[in-house]
Enquirer: 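Below are the structure tokens for one structure; questions will follow.
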2 protein chains.
Amino acid sequence: MERSMSMRPPTIRDVADRAGVSKSLVSLVLRGSEQVRPEKREAVLRAVRELGYRPNAAARSLSEQRTRTVGVLLNDLRNPWFVDMLEGLNSLLHDNGLHMLLADARLNRRTGQDPAGPFLDLRVDGLVVVGTLPDPAALGAVAERLPVVVAGAREPTLPGVDIVVNDDERGARLVTEHLIGLGHRRIAHIAGYGAVGELRRRSFEATMREHGLADEAVVESSDMTEEGGYRTTVRLLSRADRPTAVFAVNDIAAIGALSAAEESGLRVPRDLSVVGYDNTSIARLRHVWLTTVDNASHEVGRRAARCLLDRFEGAGGAGELHLAKPTLEIRGSTAPPVVG
Amino acid sequence: MERSMSMRPPTIRDVADRAGVSKSLVSLVLRGSEQVRPEKREAVLRAVRELGYRPNAAARSLSEQRTRTVGVLLNDLRNPWFVDMLEGLNSLLHDNGLHMLLADARLNRRTGQDPAGPFLDLRVDGLVVVGTLPDPAALGAVAERLPVVVAGAREPTLPGVDIVVNDDERGARLVTEHLIGLGHRRIAHIAGYGAVGELRRRSFEATMREHGLADEAVVESSDMTEEGGYRTTVRLLSRADRPTAVFAVNDIAAIGALSAAEESGLRVPRDLSVVGYDNTSIARLRHVWLTTVDNASHEVGRRAARCLLDRFEGAGGAGELHLAKPTLEIRGSTAPPVVG
DNA sequence: TTGCATATTTGGACCGGTCCATTTTCTGTC
DNA sequence: GACAGAAAATGGACCGGTCCAAATATGCAA
């Protein structure tokens with residue numbers, strides 16, 4: 001078993017020689033054929049074990065014309081909301097004999113290259129784009145060649161590209177109704193950009209309107225970062241008609257809102273209720289304990305996998321929009337307003 | 001340019017036909033040979049552009065007997081301290097024409113398979129193991145076949161495997177001296193497990209001893225999670241001789257300590273100073289603003305890349321230990337103790 | 001024992017690149 | 001215009017698998 005680094009890994013022919021059969025038979029055994037006499041199968045498996053043989057993925061995919069591999073392009077590893085989603089994605093892919101390769105769009109972007117480039121070169125069988133890409137332009141050409149699913153973002157909308165995402169309209173409504181139900185009337189929304197930001201904002205506004213609170217709704221834009229959430233909240237809190245609750249477009253911005261409140265001497269949730277979106281691991285920290293919307297990322301991942309699997313089966317058709325059902329995760333950052 | 005999904009990507013022969021040259025010439029052009037007449041080179045490049053040709057990585061690596069790809073095995077995507085490190089790693093690898101593939105050891109572990117298996121099948125040229133693996137046993141066999149570097153962890157120690165990590169002894173000393181310098185005497189350490197945990201604890205104890213504070217040092221073990229940090233701190237704070245400062249083995253545990261303090265009605269940093277380790281993005285949140293040790297992860301990444309590159313050049317030798325220099329990042333969670 | 005149907009096994013063509021030994025095409029010189 | 005030497009271009013053998021048509025082995029009935 002002693003093998004040095006310089007010596008090359010055993011090939012299927014080495015296995016065949018050792019087992020005293022042809023390479024074709026080894027191939028049959030390894031791919032689980034029933035048409036092999038048990039003693040030969042044993043001999044082959046023993047040789048495989050003794051040599052520590054592992055099939056060469058490059059050779060196999062070259063010949064099979066498929067890699068059994070799906071590329072996952074993450075928009076930014078620093079936003080860890082996608083970890084649950086990857087688990088959902090991986091569980092289903094794995095059950096179907098597929099592997100997952102990860103890449104960070106931001107890391108490879110510095111070079112001005114198409115971030116999916118390496119995946120294309122590897123001839124992955126499908127691509128999952130997670131989150132909103134910095135430069136979605138290149139995606140169109142990719143989608144012409146292989147199944148592409150966008151997960152956790154609403155853009156870009158491309159022919160033949162499925163989109164799997166939580167129902168932002170519903171999520172924002174859950175939050176708004178929760179706050180209204182607690183007795184809040186003057187409620188602010190820290191809005192974000194892009195289709196997701198717009199949907200959440202619209203749904204917030206609509207829900208406020210439905211409850212006759214159109215005039216109590218305050219909307220301020222931000223850039224979906226902690227810094228942005230902080231600055232926007234500082235602005236909000238300095239208003240004469242200070243809101244008693246803030247609904248931020250995502251958890252990160254909500255964390256910024258928390259610090260702004262703290263800095264203004266307001267206690268959360270006594271003096272100000274704060275809600276986020278995404279149910280990030282940060283929101284779950286005891287020290288933060290943020291009421292937020294769980295965006296069902298595990299389910300999003302599973303459905304994204306389902307979409308790919310269906311397309312592998314040959315299902316064509318235009319891209320569909322799949323909505324997973326978000327739920328409200330009530331924690332410690334919301335409470336009834338102090339009657340003042 | 002209209003191409004459908006069913007139609008297979010162009011090969012080097014398609015390019016050759018279109019450019020009216022042989023496939024060998026196309027290969028020469030693509031690999032940047034000087035030995036090609038300018039007009040032919042132009043013709044080839046034009047054909048490449050017009051067909052949208054991308055070389056097939058499988059075919060190339062099969063023939064070249066190398067993949068120009070490095071596998072990065074992350075212990076857990078939920079612990080995002082490694083993002084900076086990946087940037088450092090990637091920058092150097094990229095400059096040398098190498099690609100990076102990511103995998104999460106936890107995701108693929110469920111199957112009881114070797115988490116590095118897919119990388120082995122892909123015949124990556126090298127492997128970077130980030131953090132402490134759940135099951136390091138399998139690594140030994142891998143290291144016999146290709147260069148392996150462990151980054152951000154001290155285990156396992158294997159022949160021929162380099163280890164790149166920040167200097168935990170120095171980091172813990174920086175923290176302890178910082179706290180002592182502020183005037184703290186009774187200082188607690190929330191210890192962790194493994195070689196890293198041990199080094200930090202030992203260094204804390206040694207530094208306390210050097211300052212004649214051996215009797216003031218309190219050490220409690222934890223599991224390096226938020227929950228663990230919380231529970232340990234609750235225990236610490238209920239002691240008669242309550243410490244005025246807590247040094248947690250990592251940021252996550254420190255966050256747990258923060259909530260415990262908060263819950264006990266203690267203000268940080270007025271009543272209790274808290275320090276973490278790793279300078280995670282969480283520590284940088286304004287709402288947390290944790291004094292912590294920056295473990296120089298970018299530098300660790302660069303050095304890990306350097307190790308691999310050296311081994312690719314043929315440098316052999318036993319595995320070395322490379323220490324990057326950590327620095328203290330003083331934020332808002334530490335202050336002089338209130339004289340009581 | 002032979003013959004035939006069925007069960008196993010095998011050689012060899014491919015997959016799409018790289019690379020080297022050879023062939024073909026240029027140059028410049030006489 | 002012929003010719004040597006250099007420059008440019010090419011064919012074909014590989015890399016390590018899969019897969020299919022063809023070859024061989026086995027089992028059973030006659």
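Naming: A, B, ... by sequence-line order, numbering from 1 per chain.
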Enquirer: Determine to 10° how strongly the helix from C/dT1-D/dA30 to C/dC30-D/dG1 is bent, judged from the axes of its five-pair ends.
Expert: 50°
Enquirer: Select from A/V21 and B/L62 the residue whose nearest nucleotide in DNA chain C is closer to the 5' end of that strand.
Expert: A/V21
Enquirer: Between B/L30 (CG) and C/dC19 (C1'), how many Å, whole number?
Expert: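 For the pair B/L30 CG and C/dC19 C1', the rounded distance is 14 Å.
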Enquirer: Measuring from atom CH2 of A/W81 to atom CG of A/L74, what distance do you get when rounded to the nearest 0.5 angstrom?
Expert: 8.5 Å
Enquirer: So, using salt bridge (charged side-chain N to carboxylate O under 4.0 Å, His left out) as the criterion, who are the partners of A/R41 when residues are at least two apart?
Expert: none
Enquirer: For a quick test of your reading: what N or O donor-acceptor pairs under 3.5 Å do the side chains of residues 299-310 of chain A make, sequence neighbours left out?
Expert:
unit_1: A/E299; atom_1: OE2; unit_2: A/R303; atom_2: NE; d: 3.1
unit_1: A/R302; atom_1: NH1; unit_2: A/S91; atom_2: OG; d: 3.4
unit_1: A/R303; atom_1: NH2; unit_2: A/L323; atom_2: O; d: 3.0

Enquirer: CD1 of B/I12 to CG of B/L51: how many Å apart, nearest 0.5 Å?
Expert: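 Here the interatomic distance stands at 12.0 Å.
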Enquirer: List, one per line, each side-chain donor-acceptor pair under 3.5 Å for residues 58-66 of chain A, sequence neighbours excluded.
Expert:
unit_1: A/S61; atom_1: OG; unit_2: A/A57; atom_2: O; d: 3.1
unit_1: A/S61; atom_1: OG; unit_2: A/A58; atom_2: O; d: 3.3
unit_1: A/E64; atom_1: OE2; unit_2: A/R68; atom_2: NH2; d: 3.2

Enquirer: For nucleotides 20-25 of chain C, give me one character per nucleotide, 5' to 3': B if any protein heavy atom sits under 4.0 Å from the base, S if the only such contacts are to the sugar-phosphate, - if neither.
Expert: ------
Enquirer: For the pair A/R78 and B/E87, find out whether any cationic side-chain nitrogen is under 4.0 Å from an anionic carboxylate oxygen.
Expert: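 Looking at A/R78 and B/E87, the cut-off is met.
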Enquirer: What distance do A/D121 atom CG and A/F119 atom CZ have between them, rounded to the nearest 0.5 Å?
Expert: 11.0 Å
Enquirer: We want to know whether A/T132 and A/N75 form a side-chain donor-acceptor pair, criterion being a heavy-atom distance below 3.5 angstrom.
Expert: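 No pair is found: no donor N or O on one side chain lies under 3.5 Å from an acceptor on the other.
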Enquirer: What does A/K23 touch in the nucleic acid at a heavy-atom separation under 4.0 angstrom: a base, only the sugar-phosphate, or nothing?
Expert: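 Here A/K23 touches the bases of the nucleic acid.
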Enquirer: Pick the closest DNA chain C nucleotide for A/P38 and for B/R13 by heavy atoms, then say which residue is nearer the 5' end.
Expert: A/P38
Enquirer: Of all nucleotides in DNA chain D with an atom under 4.0 Å from a non-hydrogen atom of chain A, which is the first and which the last going 5' to 3'?
Expert: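 Contact span on the strand: D/dG16 to D/dT26.
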Enquirer: Mapping B/R123 and B/K40 to their closest nucleotides on DNA chain D, which lands nearer the 5' end?
Expert: B/K40
Enquirer: Can you find a pair of side-chain heavy atoms, one from A/V129 and one from A/V148, that are under 4.5 Å apart?
Expert: yes
Enquirer: Atom CG of B/N90 and atom CE of B/M100: how far apart are they, to the nearest 0.5 Å?
Expert: 4.5 Å
Enquirer: Could you tell me whether A/D162 and A/R311 have a side-chain N and a carboxylate O separated by less than 4.0 Å?
Expert: yes
Enquirer: Find which nucleotide of DNA chain D each of B/L25 and B/Q65 is nearest to by heavy atoms, and output the residue with the more 5' nucleotide.
Expert: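 Nearest nucleotide further toward 5': that of B/L25.
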